[in-house]
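What follows is one structure encoded as structure tokens, with my remarks underneath.
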There are 2 protein chains.
Amino acid sequence: MPSKVSSSSKDGNSPKISEATVSRLPAYYRALSQLADAAQVRVSSEELAALTGVSSAMLRKDLSHLGSYGTRGVGYEVEFLRYQISREMGLNHDWSVVIVGVGNLGRALAHYGGFGSRGFRVVALVDADQTLIGTKVKCGAEGKTVELLVHALSDLEDVIKETNARLGVVATPADSAQVVSDRLVKAGIRSILNFAPVHLSVPEGVDVRKVDLASELQILAFHEQRKAV
Amino acid sequence: MPSKVSSSSKDGNSPKISEATVSRLPAYYRALSQLADAAQVRVSSEELAALTGVSSAMLRKDLSHLGSYGTRGVGYEVEFLRYQISREMGLNHDWSVVIVGVGNLGRALAHYGGFGSRGFRVVALVDADQTLIGTKVKCGAEGKTVELLVHALSDLEDVIKETNARLGVVATPADSAQVVSDRLVKAGIRSILNFAPVHLSVPEGVDVRKVDLASELQILAFHEQRKAV
DNA sequence: ACACATTTGTGCAAAAAAGCACAAATCCTC
DNA sequence: GAGGATTTGTGCTTTTTTGCACAAATGTGT
């Protein structure tokens, strides 16, 4: 599991879904999309579990938190279940994303096709490097690519306001990540995906998820070392 | 439970460290490296916890699983603790990494500096695209960049054998990820970092860690949606 | 209509993780 | 060297997550 979030929802009417469940919903959604593409109509918990690498009991319990969308003795309707998950996760909205840091990683993220196809749209690129500012970078994968202008970091607040970005991606070097994060928060961003290898401290109510490539390799190395003995 | 602090490095049975703890060790290691760079000699659990975003009690319990490396009333010696963690995680070794899939993401990973600085070295690049095979790609960040030849996917087994790669990174499109994974495993790789948005099924004894960028954004979107209400 | 084969949804148990609180160990001052 | 101020290491409690087993609900065939 990549990272944690510090959430602070204070409403009592939502039927609180556990964090562990939430972290698995995207995998279910992806597998269901796959099945839908293959024109499969129904799926059992056993089959969907195998596709996503969880146990069928856990899958059923996860889904039961969303509602009773299956039929006993039959299974789940692929399209229907997919829609329910997408609605629950807010994927019927279009989420605007601003990427700060247009280095190798930032550019790769901008190109990444997986975003656009699932309700996410990169609407702004920001960097501090004078040689990058003003240049154009291709965004989105095959199909519909858009060229986006790289804006100056000093214009961050304006860019967020104009584009109405809700999600911020920090793809800067480690030493500028906290400063960038602070400015994102001040500009109204309350959900941040952090690729910089540092812990970001943010005020209550702001969620940060961290993706640390080196950490993942280190965890693998740890287990690999144990195997050798 | 058996907190045996044996002076001998290799005591038969290793005192199982929980997965949750292992997943936090890289963050501790990074923070300690940072402190070491700043020439700080000692650090308290409180301070290190703040740097890594965990509670001080949890940090102490995590570290206690490695051994009793702190001094009551004083704290931990930065260099010493850092060394102990690096040893425990096998970061004193050099880990050879093969990257399969040299698209935008694969190239960004190859460039990524965070790998080289922590005991990981990209030793081979492999792709199925005929137009990429034979081209050279710069690896590693500032300092020492190396140019690596992109090998054909059909040579995967040979490349792994020659380079002695132990870790495999899958950065291919979703539909070829499972096939690539199978071949990595057959070639002897037992630790895989998967960036493709699919679940990889692997035989027992093989570890897979998944990094899914779209999933991370979806999880953020879920929480973001709840905030709006 | 009725027995039967499936498959979901869920109560309960087990395991894992996180949090609390304090004794034990160390340093510092006088 | 005694006493007070810290700070670790850890037993215990609470919360979260996972796993098991089966009743409830649905479809099928005779």
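Residue numbers begin at 1 in each chain, while the letters A, B, ... track the order of the sequences.
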Item to check | Whole angstrom value for the distance that separates C1' of dT10(D) from NE2 of His65(B) | outcome: 9 Å
Next on the checklist: Given the structure, check if the side chain of Lys61(B) and the base of dG9(D) hold any donor-acceptor pair shorter than 3.5 Å.
Outcome noted: no
Item to check | Nucleic acid footprint by protein, nucleotides 22-29 of chain C - heavy-atom cut-off 4.0 Å, B for base, S for sugar-phosphate alone | outcome: --BBBS--
Checklist outcome for this item: Applying salt bridge (charged side-chain N to carboxylate O under 4.0 Å, His left out) to Arg72(A) and not counting sequence neighbours gives none
Next on the checklist: Tell me if a side-chain donor or acceptor on Ser181(A) pairs with a main-chain N or O of Ala177(A) at a distance below 3.5 Å.
Outcome noted: no
Item to check | Sequence-distant partners of Ala174(B), side chain to side chain contact (heavy atoms under 4.5 Å, CB included), two or more places apart | outcome: Pro197(B), Val198(B)
Item to check | Any residue meeting salt bridge (charged side-chain N to carboxylate O under 4.0 Å, His left out) with Glu157(A), in chain and number order, not counting sequence neighbours | outcome: Arg183(A)
Checklist entry - Taking only residues two or more places apart in sequence or in another chain, which ones pass side chain to side chain donor-acceptor pair (under 3.5 Å) with Ser45(B)? => result Arg60(B)
Checklist entry - OH of Tyr76(A) versus C1' of dT26(D): gap in Å, rounded? => result 14 Å
Next on the checklist: The criterion is side chain to side chain donor-acceptor pair (under 3.5 Å); which residues satisfy it with Arg166(B), sequence neighbours excluded?
Outcome noted: Glu224(A)
Checklist entry - Who pairs with Glu79(B) by salt bridge (charged side-chain N to carboxylate O under 4.0 Å, His left out), at least two apart in sequence or on another chain? => result Arg82(B)
Next on the checklist: What is the separation between atom CD1 on Ile17(B) and atom P on dA16(C), rounded to the nearest whole Å?
Outcome noted: 15 Å
Next on the checklist: Heavy atoms only, 4.0 Å cut-off, all strands: where does Ser18(A) land among base, sugar-phosphate and nothing?
Outcome noted: sugar-phosphate
Checklist outcome for this item: Counting only Watson-Crick and G-U wobble pairs with both atom distances below 3.5 Å, the stems of 3 or more consecutive pairs that include DNA chain C are C:1-30 with D:1-30
Checklist outcome for this item: Sorted by chain and residue number, the side chain to side chain donor-acceptor pair (under 3.5 Å) partners of Gln84(A) (sequence neighbours excluded) come out as Tyr69(A), Arg87(A)
Checklist entry - Between atom CE in Met58(A) and atom C1' in dT8(C), what is the gap in whole Å? => result 17 Å
Checklist entry - Atom CG of Leu59(A) to atom P of dT8(C): distance rounded to whole Å? => result 8 Å
Next on the checklist: When you measure from the side-chain N and O atoms of Ser68(B) to the phosphate of dG9(D), is any distance below 4.0 Å, counting only OP1 and OP2?
Outcome noted: yes
Checklist entry - How long is the line joining CD of Glu46(B) and P of dG19(C), in whole Å? => result 13 Å
Checklist entry - Are Asn92(A) and Ser86(A) linked by a side-chain donor-acceptor pair shorter than 3.5 Å? => result no
Next on the checklist: Checking Ser215(A) now: which residues fulfil side chain to side chain donor-acceptor pair (under 3.5 Å) with it, not counting sequence neighbours?
Outcome noted: Asp212(A)
Output side-chain donor-acceptor pairs under 3.5 Å for residues 94-115 of chain A, partner residues at least two apart or in another chain, one line each.
residue	atom	partner	partner atom	Å
Trp95(A)	NE1	Gly90(A)	O	2.6
Arg107(A)	NH1	Val102(A)	O	3.4
His111(A)	ND1	Arg107(A)	O	2.9

Next on the checklist: Once you apply a heavy-atom cut-off of 4.0 Å, does Thr21(B) come out as touching a base, just sugar-phosphate, or nothing?
Outcome noted: nothing
Checklist entry - Can you tell me how far P of dG9(D) sits from CG of Leu63(B), to the nearest Å? => result 8 Å
Next on the checklist: Do Asp207(A) and Ser191(A) pair up side chain to side chain, a donor and an acceptor below 3.5 Å, judged on atom types alone?
Outcome noted: no
Next on the checklist: For dT8(C) and Ser45(A) - does any side-chain N or O of the residue sit under 4.0 Å from the phosphate oxygens OP1/OP2?
Outcome noted: yes
Item to check | Euclidean distance, atom CD of residue Glu47(A) to atom C1' of dT6(C) [Å, nearest integer] | outcome: 15 Å
Checklist outcome for this item: Among dT17(D), dT8(D), dA17(C), the one nearest any side-chain atom of Ser44(B) is dT8(D)
Next on the checklist: Using a strict heavy-atom distance below 4.0 Å, which residues from residues 26-40 of chain B are in contact with DNA chain C?
Outcome noted: none
